[in-house]
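For clarity, every value in this text was computed on a predicted model and none was experimentally measured.
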Amino acid sequence: MPPTGDPATAVGVVLAAGIGSRVGADGNKAYLTLAGRPMLAWSLRAVADTPEIGRVILVYRRGEFDIAEAMVRAQIPDRRIELVEGGDTRHESEFNMLCHIAADIESGAVDVVLIHDAARPLAGPDMMRAALDTARRFGGAVPGIHAVGLASAGQDGLHPLAESVVRVQTPQAFRAEALLAAYRRADAEAFDGTDTSACVQHFTDADVRVFPGAASNLKVTYPPDIRLAEHLLTGRR
């Protein structure tokens with residue numbers, strides 16, 4: 001339980017430990033400039049501007065502490081941002097972050113953890129809030145949108161998929177105790193999940209619910225994504 005008189009806190013995490021080779025970035029794509037700001041700053045700002053999030057953590061790429069610290073100082077000067085070094089994979093980065101806050105999860109001071117990709121700069125506080133609310137109610141929350149225009153490949157060509165397919169996004173949020181337990185078991189068994197929900201669902205019985213994502217919540221992966229994201233962010237600014 002949380003310390004007497006202190007409500008449990010939600011922690012918001014932004015992952016920025018990747019490289020970005022597919023987008024053509026020379027280094028970490030999180031620092032690409034979009035509409036006058038580093039892409040990471042847009043994602044971090046959305047998390048920091050969510051009133052329900054009490055602590056904000058930036059997971060930075062190994063060897064990039066100085067650039068991460070300078071970006072935070074310049075772009076988010078009004079909010080304390082904790083910096084945690086990432087690992088070689090997304091899964092390792094998440095586990096490093098969970099080890100950083102493990103004692104607070106175990107004490108009950110942290111009840112929900114929200115995880116967001118730096119490469120999704122268009123998610124806003126409303127989506128963060130929906131993820132937190134859903135995770136608190138059910139155990140886990142993942143935003144999703146219906147994928148259209150998909151096909152399966154067969155020997156006689158392509159066949160449109162008849163079944164409904166959901167494309168998952170971030171922010172994802174989970175009750176903190178289940179999340180920590182899942183990643184500790186994953187570490188013991190050398191399991192490396194494709195995303196956070198995969199690990200939680202593999203090792204716990206948490207009820208992970210899909211809530212409505214947004215088509216505009218795109219992930220910057222390829223060069224055309226940069227132009228589209230910049231266009232949308234310029235309009236927002």
Side-chain angles (χ1 to χ4, degrees), residues 9-18 20 23 28-32 34 37-61 68 71-72 75-76 79-84 86-87 89-98 100-101 110-136 140-145 167-176 179 183 193-200 208-221 225 229 232-233 236:
T9 294
V11 171
V13 181
V14 176
L15 300 175
V23 85
N28 191 340
K29 70 178 179 181
Y31 298 98
L32 287 171
L34 295 179
R37 295 176 181 171
M39 177 166 64
L40 169 57
W42 290 99
S43 301
L44 200 57
R45 184 82 263 175
V47 174
D49 282 351
T50 304
E52 292 82 0
I53 292 176
R55 290 171 64 180
V56 181
I57 296 174
L58 168 59
V59 181
Y60 64 90
R61 183 179 164 192
M71 188 281 303
V72 167
Q75 299 290 334
I76 322 285
R79 187 72 190 266
R80 180 175 180 264
I81 310 292
E82 301 171 48
L83 299 179
V84 174
T89 67
R90 176 196 180 91
H91 185 91
E92 287 182 18
S93 294
E94 291 175 326
F95 188 50
N96 287 0
M97 173 274 299
L98 287 168
H100 175 72
I101 60 173
V110 171
D111 69 331
V112 175
V113 178
L114 175 145
I115 298 176
H116 187 49
D117 289 340
R120 290 190 185 272
L122 285 143
D126 287 347
M127 189 171 289
M128 308 293 168
R129 191 175 298 111
L132 293 171
D133 291 346
T134 305
R136 281 198 168 109
V142 175
I145 60 172
R167 195 184 302 276
V168 237
Q169 303 177 330
T170 67
Q172 300 181 7
F174 306 88
R175 290 179 186 163
L179 184 62
Y183 273 72
T194 53
D195 70 352
T196 323
S197 61
C199 185
V200 171
V208 179
R209 297 292 183 96
V210 177
F211 69 94
S216 61
N217 183 25
L218 62 91
K219 184 174 183 180
V220 176
T221 307
D225 301 330
L232 294 171
L233 289 168
R236 177 182 294 182

Take Leu58 and Leu40, measure what side chain to side chain contact (heavy atoms under 4.5 Å, CB included) needs, and give me the verdict at the end. CA-CA 9 Å; Leu58 168 59; Leu40 169 57; 3.7 Å; yes

Out of curiosity, Met39 CE to Leu233 CG, how far, rounded to the nearest 0.5 Å? 10.0 Å

Checking Glu94 against Leu179 for the side chain to side chain contact (heavy atoms under 4.5 Å, CB included) test, could you report, in this order, the C-alpha distance in whole Å, the side-chain angles of both residues, the deciding distance, and whether it holds? CA-CA 10 Å; Glu94 291 175 326; Leu179 184 62; over 6 Å; no

Rounded to the nearest 0.5 Å, how far does CG of Leu32 lie from CG of Asp225? 11.5 Å

Heavy-atom pair of closest approach, residues Ala173 and Ala131: CB-O, 3.5 Å

When you measure from the side chain of Gln169 to the backbone of Ala214, do you find a donor-acceptor pair of N or O atoms at a distance under 3.5 Å? yes

Between Arg175 and Gly140 (side chain of the first, backbone of the second, donor and acceptor by atom type, cut-off under 3.5 Å), is there such a pair? no

Going from CD1 on Ile76 to CG on Leu44, what distance comes out if it is rounded to the nearest 0.5 angstrom? 4.5 Å

Side-chain heavy-atom pair Met97, Ile115 within 4.5 angstrom cut-off: yes

For Ala10 and Leu132 the tightest heavy-atom approach is CB-CD2, 3.9 Å

For Leu232 and Leu218: C-alpha separation, side-chain torsions, deciding distance, then whether side chain to side chain contact (heavy atoms under 4.5 Å, CB included) applies. CA-CA 10 Å; Leu232 294 171; Leu218 62 91; 4.1 Å; yes

Without swapping roles, check the side chain of Gln172 against the backbone of Ser197 for a donor-acceptor pair under 3.5 Å. yes

State, to 0.1 Å, how close Thr194 and Ala198 come at their nearest heavy-atom pair, and which atoms those are. OG1-CB, 3.8 Å

What distance do Leu114 atom CG and Ile57 atom CD1 have between them, rounded to the nearest 0.5 Å? 11.0 Å

CZ (Arg61) and CG (Asn28) are apart, to the nearest 0.5 Å, by 5.5 Å

Which heavy atom of Trp42 sits nearest a heavy atom of Leu34, and at what distance? NE1-O, 2.8 Å

If you compare all heavy atoms of Phe211 against all heavy atoms of Pro171, which two are closest, and at what distance to 0.1 Å? CZ-O, 4.1 Å

Donor-acceptor contacts under 3.5 Å from residues 118-128 side chains, at least two apart:
residue : atom : partner : partner atom : Å
Arg120  : NH1  : Asn217  : O            : 2.7
Asp126  : OD1  : Arg129  : NH1          : 2.9

Who pairs with His91 by ring-ring contact (aromatic ring centres under 6.0 Å, His included), at least two apart in sequence or on another chain? Tyr183

Below 4.5 Å, heavy atoms only, C-beta onward: do Ile53 and Val47 meet side chain to side chain? yes

Evaluate side chain to side chain contact (heavy atoms under 4.5 Å, CB included) for Ile101 paired with Val113, printing each intermediate quantity in order. CA-CA 10 Å; Ile101 60 173; Val113 178; 3.9 Å; yes

Could you pull out the closest heavy-atom pair between Ala48 and Arg79, with the gap in Å? O-NH1, 2.6 Å

Non-hydrogen side-chain atoms of Arg55 and Glu82 separated by less than 4.5 Å: yes

